[in-house]
Structure formats: structure tokens, C-alpha cells
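Keep in mind it's a predicted model, so treat the numbers as computed, not measured.
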2 protein chains.
Amino acid sequence: MNGNGGFRSFSTIMSPPSKAIVYERHGSPDSVTRVVDLPPVEIRENDVCVKMIAAPINPSDINQIEGVYPVRPPVPAVGGLEGVGQVYAVGSRVKSLSPGDWVIPSPLFSGTWQTYVVKEEGVWHKIDKRCPIEYAATITVNPLTALMMLQDFVVLNSGDYVVQNGATSMVGQCIIQLARLRGISTINIIRDRVGSDEAKEKLKALGADKVFSESQLNVKNFKSLLGNLPEPALGFNCIGGNVASLVLKSIREGGTMVTYGAMSKKPITVSTTSFIFKDISLRGFWLQRWMNLDKVKECRKMIDYLIGLARDGNLKYETELVPFEDFADALDKALGKRGSHPKQVLRF
Amino acid sequence: MNGNGGFRSFSTIMSPPSKAIVYERHGSPDSVTRVVDLPPVEIRENDVCVKMIAAPINPSDINQIEGVYPVRPPVPAVGGLEGVGQVYAVGSRVKSLSPGDWVIPSPLFSGTWQTYVVKEEGVWHKIDKRCPIEYAATITVNPLTALMMLQDFVVLNSGDYVVQNGATSMVGQCIIQLARLRGISTINIIRDRVGSDEAKEKLKALGADKVFSESQLNVKNFKSLLGNLPEPALGFNCIGGNVASLVLKSIREGGTMVTYGAMSKKPITVSTTSFIFKDISLRGFWLQRWMNLDKVKECRKMIDYLIGLARDGNLKYETELVPFEDFADALDKALGKRGSHPKQVLRF
């Protein structure tokens, strides 16, 4: 600064130096990521510098580092797709944000696993600070997926049913609660495993109407298990293979199954008669496609709704806040190396 | 008739006796069907008695007799789902039809394989007599399927491409021609067999832009074969199994594959990534469902359009008119017992 406002454009504002989780090539995240000190970067007139507060480790972050995700930022790259931060400094032309505001990336961009992020004003969405940070940091990738999938494929009315596999996933838990809030009931399918009775009770506590383990439904009298429940018009599949077929079998004539995950890495096999005579539709959902379709405004409105629910305790899921310094530990947990853990959320 | 108009409601008009192809139980059509003499039936005030002119033997007729079709009229039943006839007599309250008119069943009903059919006025649609009988008899099941599938799933514009397997089928041939009339190009996949070069030439003569045999496309450089062609937004599958995958691979991101047949009897297998990242939609089409959805008026308009095309020589496919007395022969040909034959159409 030279003390002369008229020459302000010649001055350069810089961000603080940053610490970031960087991968220089694609591969297993525990071998290709490392903590890197990044030098200060320029905050241009339309930029906002955000001091990150918290950011989760999502499966899509892991897939992106592995190089198996369709979006592949050029390496070296900073990991992480979502998170929450506090505005630290703004460029001279920034009008909508001020230092101290809480913001999240919307639309999503790669590179939230660092202490300071500089990006243009337009990609930051100001949120309500009364939302707990672990929810603010994780509100987009999973809860927004659940909300959009409930809204965008089939018109559902109070009293309708939906069915899903992988119901203990974070999206699964959000579907149960968001459906419940609209008077929509859920039939939930979970893996057979030690503790599956406890998992069933947890989902019921969230509002799940019916919870079955896969083996319960892998029987011939499948339909009798569902009894007199109204057949769902909409089903969600995040697993594939035979467990996708369980969802398909449950949905009603003319129903739709939306695939948004591939946990078993197995394809989906469908009889031709399901299409012709049962009139089933198969669709897919990928948040990053949906968010890019000139839907930023609409997405932010939905995010505000979700932030409000989380703030008021009406949307719940488990997370574990982990100090940023312990990234390696958190990554191991996120990779499933140490059994089952809640969603890992880095605390900067 | 008692010669007194005032007592007309007491008189009973009867149809002539009829000869019909009847099946008394489900099973292989060549063993369970026989020609039966049916007694005259009453023509009630809203009924129309139609002397059948011609009716085809479609695969769906065969499946219905076999009992593997979702619509199963109670047995004993008369076979046949479509056809053309001439109005022979009308009930006292019938206003829209007169003796001599040509009519087809619309919506479709079972029982066209008989010399006289009595049904209420509302199920008969009057058509242009200038249409050759072999087209009038076959205009609904296959050409209307092709037309609806081109219209009802994806908005196509002149210059767009569609892709289909089973392109030599009657629906396949209609798709080629109906697409062509709208400036839409077709990529066609046909079975490998003796005479496939001749089949390719025939389809090209109908307006097919590209024709490949399955083995040509079952290669790794699949995409290079399609060269710089615009990727189709819409694909049609009537085969299933691996040949459905060829259609799936050809369609573009966000595209739709519609399944309307199951010639291989094999299911369709799709990777989860096709749904999530390629945003593919899988749908099904079954004419009898589409026609029942309060779409009678709309269907009749489309049928008139197709009848007009056939009348003017702008919609062509091969048929073989066979005297009704030779039903057993025609059935053997339709069942594929004697190699490949054109669509068999019974001439009453």
C-alpha cells in the first residue's frame, strides 16, 4: 500500500502461507498424499481468501486421488471437495462477503484440504454460523445428494414409500430423515454383518420404517416380507450387483431406480421384461453433474434448507472431528483399514 | 325382423357364423391351436360386426398362446391382436361406422383371427381404404411402436442420430424409415448370418445410414468404427445380452436406451458408472401399456399418419399374404421352422 487510494490497483494483497494435503500422482491415497507448505498467493480483486475450519474425507476424494474418478484435476493437486471456512480477506471488488463470514464451496471445487484457500467470490456460499461445523463441512456431498434424489426423479407425496440399499451410508441416513420430514416412508436394506441388529435400531431411531438385512431379502418369499406395504415408486442403489436387484424387485410397476454409488463394484443386471412389462426406469445420479447444470442458485437454496435442519437438530449423522495434523490417521480410518468409523472430518 | 320399426329393440341382430383360430390351453401354438366353427353372436345396439379381411401372426400373438405374455385372456380364446376388416353390420345406436367401412382394432384387443368379429363401436377405428390390406392389417403392433418410441422418450431434431439393434425386424425397418422422414439418421446393428451383406443393402435402400453386423462392433476399436458420427441420444434394444451393450456403448452421455424386445432372452447388464458418470437412462416400451393410457385419440392420429405413409409407398416392409385356410403353414413360417420368411398375414 502506498497510502494513495488512487493507486490501490498497484498494491497486491497476499494470502498467508498455507499447509495442504497434496498428491503429485494418482495412486493409493496413503502412499501418494503428503503435507506440503504452500507459499502465499495473490488475492485478486474478485477473490476471497478463506481460512478453512473443517473438511471431510469422502469416498469421492479417495477415488479422485486414486485417479478412478471422471474428474481428474491436473497433478500436483490439493485433495478435498467440500468443507467450511471463515472469510479471512477479500479482494477490492468483493461485495457479498466480509471477513468473519462462514462459507462453503458451492459449486464444489477440488482443493479444500488446506489451511487457506483463495478462490473467486462466486464459488463461495455464505452460511448460517449457528450450524455445527461438522455438519457445515459435510452438508453438500451427501445430504444434498439425498435431497436432490428425493426431489428430481419421481413426484413423491406424503404416504409414499421409497426403498434403498446401503442404508447405513451417510446418504442413506439422510434419505431416511429427509423422506420422513415429507411424510415419506422408507424401506431400508443393509449389509449382513456383526452388529447389524444395532445398525437396524439406529436407522429406526432416525425414522426408518422398515430395515432388512440383504440375506433376509435374498429369499423366494421376498414379497411376503414386505407384506402389505405400498410398493415404492422410487428406489436408490449405491451398491450394484445382486443388492441392486433387491431394490429393483421392490419397486412398483412404472417405478424408477436411481444408482448413485457402486460399493460392490459389480454391474447391474436387469431382465428385459422388467423394462418392457414392468416399465421400470433406470437412472443415475452424480452430484457434480447436477450442480453444474446452471443450478447454483437452486442448490444454494437447498443447502440453506439442509443447514437449517442440521442447525436445529433435525438432520443427524455421525462424524468424527480429527485435527488436521492427524490426517494420516483419519485417512486410514476413511480407507476402512481399521474397521468401521464415522465420517472423518479434518479440523484445521 | 318383424317389419315393424317400433319394435326394433325387441328384434335381435345376429352375426354370421364365424371360423376362428382357437387355443384351449397355453402351450406351443402349433399343438394347441385349431380351427373352430363359432355360432352366430348377438350384435347389440352399440356393437359393430366386422368381416375380417386380413390379420398378421406377430411374435406377441405366439407368446400369448404360449402363456408367457403378461396379458393372458381366459382360455379358450381366439388368437390374434391386430388386423383389418370391413364393417358387415352395425347395432342400432352406432353412429360413426357404416357397413362397408374399413376398420382396425384401436385400442388393440385379442381375437382377430376369425372371420367375423363383434365388438363395441368404440374399439374400431375407421381407416383409409386406399391403404394396401397387408399394411392396414399390420400398421399398429410394429409401425406404431416404432413411431411412439421415436417420439416419446427423447426430443430429436433433424440431423440427430439414433442407434438400434435387431434392425432387420419390422420395428427396426420402420424406425429407419420414420426417422429418415424427420431428417434423423440411423446406426443399425444386425445379426451375423448368411446373407447379411444382402440384408445391409436392403436396410440401406430403406434409408439406413450405417449398418454393422454384431461381430463388426464386438471389437475394442468400436468407437473408431463409428468415426466422426454424432453420438446418438437415443438407442433401441430388442435383443438383450451383449447386443444390448453394443447399443449402450454407442449412445452419448445423457442418452436413453429403450428396450422393447428380448429376442436373445438374455438380461441386460450395465456398469454402475454408465448410470452415475455417463448419465444413461434405461427405459422400456410396451405398446399395449402405452395405448391404454387414455391415449386412444392420439394413437389413432398416429395410425392415420402411418396408414397415409403406407398408402403412398413411403413406409415399406415385407409381408406374405396367406389364405386363412393355410394357417398351419403360416404358423410354421412365423415360428421360424422353415428359415426366414416375411411377416405372415392371414387373408380371410
Notebook entry, point to check: Distance-only, no hydrogens or angles: does the A:Gln216 side chain make a donor-acceptor pair with backbone N or O of A:Ser213 under 3.5 Å?
Noted result: yes
Notebook entry, point to check: Would A:Arg252 and A:Asp160 satisfy salt bridge (Lys or Arg N to Asp or Glu O under 4.0 Å), going step by step from the backbone distance to the final call?
Noted result: CA-CA 11 Å; A:Arg252 75 164 175 236; A:Asp160 285 344; 5.1 Å; no
Margin query: Tell me which of these, A:Thr256, A:Val270, A:Ile239, has more heavy-atom pairs under 4.5 Å with chain B than the rest.
Written below: A:Val270
Note to self: Quick one, A:Glu231 and A:Tyr161 - any side-chain contact, counting heavy atoms below 4.5 Å?
What the structure shows: no
Check: So which of A:Cys238, A:Ala244, A:Gly241, A:Pro267 has the largest heavy-atom pair count under 4.5 angstrom toward chain B?
Finding: A:Pro267
Next item on the list: Without swapping roles, check the side chain of A:Trp113 against the backbone of A:Pro56 for a donor-acceptor pair under 3.5 Å.
Entry: yes
Item checked: Residue part contacting chain B, namely of A:Ile280, when any heavy atom lies under 4.5 Å -> backbone
Item checked: Top contributor to chain A contacts, counting heavy-atom pairs under 4.5 Å, from B:Asp279, B:Thr259, B:Ile276, B:Thr273 -> B:Ile276
Next item on the list: Go through the atoms of B:Phe277 and report whether side chain, backbone, both or neither lie under 4.5 Å from a heavy atom of chain A.
Entry: both
Notebook entry, point to check: Are the charged groups of B:Glu66 and B:Arg72 less than 4.0 angstrom apart, N to O?
Noted result: no
Check: Between A:Ala262, A:Gly261, A:Pro70, A:Gly254, which residue shows the highest count of heavy-atom pairs closer than 4.5 Å to chain B?
Finding: A:Pro70
Margin query: Can you confirm if the aromatic rings of B:Trp286 and B:Tyr69 lie within a centre distance of less than 6.0 Å?
Written below: yes
Note to self: Counting only non-hydrogen atoms closer than 4.5 Å, does B:Lys278 touch chain A with its backbone (N, CA, C, O), its side chain (CB onward), both, or neither?
What the structure shows: backbone
